[in-house]
Each structure stands twice: as structure tokens, then as C-alpha cells.
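Report on the following structure.
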Amino acid sequence: MQTTISTKYQIVIPSEVRKRLRLKPRQKLTVLEKGGVLYLIPEGPLKDLRGVAPMAPADRFREKEDRY
């Protein structure tokens with residue numbers, strides 16, 4: 001999937017992704033940049049994210065130095 005940055009630096013999240021992640025209008029997203037990659041992380045209760053990525057290995061997403 002691809003999206004385009006508008007002249008106002010806005011992007012559209014494809015509908016397939018919005019539906020799968022159950023994103024809502026006006027929902028806040030945290031933007032992280034690491035190694036030239038942008039990550040959009042939806043804010044909300046952790047229980048809402050359960051089952052979003054069932055096959056993703058949880059042990060490879062954060063570096064040890066990123067932990068608090």
C-alpha cells in the first residue's frame with residue numbers, strides 16, 4: 001500500500017488499514033522516527049490493540065536502550 005503526502009503535509013491512511021486497526025476519526029497517533037522509518041502508533045487503551053498483529057514477534061520491536 002502507498003499513500004502520498006499532500007502539499008499541506010497530510011497523509012491518508014488506507015481504508016484497509018483503518019478498518020484492521022479500528023482507527024476512529026480524531027484519534028491521536030504518536031509519530032516516531034527511527035533509522036529513517038516513520039512509525040504511527042494509535043493512542044488508546046492497550047486492550048484495544050489485542051490481536052492487531054497476531055503473528056508479529058514481540059521480542060524484536062524495541063532495542064534495549066529504548067526501554068525505560
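Heads up: numbering here begins at 1 and tracks the sequence. As the structure is a computational prediction, the values presented were derived from the model and not from experiment.
- The two residues Thr3 and Val12 have their closest heavy-atom pair at OG1-O, 2.7 Å.
- Judged by distance alone, the side chain of Arg18 and the main-chain N or O of Lys24 form no donor-acceptor pair under 3.5 Å.
- Minimum heavy-atom separation, Met1 to Pro14: SD-CB, 3.6 Å.
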- What do the steps show when you test Ile11 against Thr4 for side chain to side chain contact (heavy atoms under 4.5 Å, CB included), and what is the final call? CA-CA 6 Å; Ile11 62 168; Thr4 302; over 6 Å; no

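- Shortest non-hydrogen contact noted between Glu43 and Gln27 is O-NE2, 2.9 Å.
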- Message: One pair to check against side chain to side chain contact (heavy atoms under 4.5 Å, CB included): Leu40 and Val31. What are the steps and the verdict?
- Response: CA-CA 5 Å; Leu40 299 175; Val31 180; 3.6 Å; yes

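- Taking all atoms of both residues into account, the shortest heavy-atom contact from Leu29 to Pro42 is CD2-CA, 3.4 Å.
- Here the straight-line distance linking atom CG of Leu32 with atom CD1 of Ile41 works out to 4.0 Å at 0.5 Å rounding.
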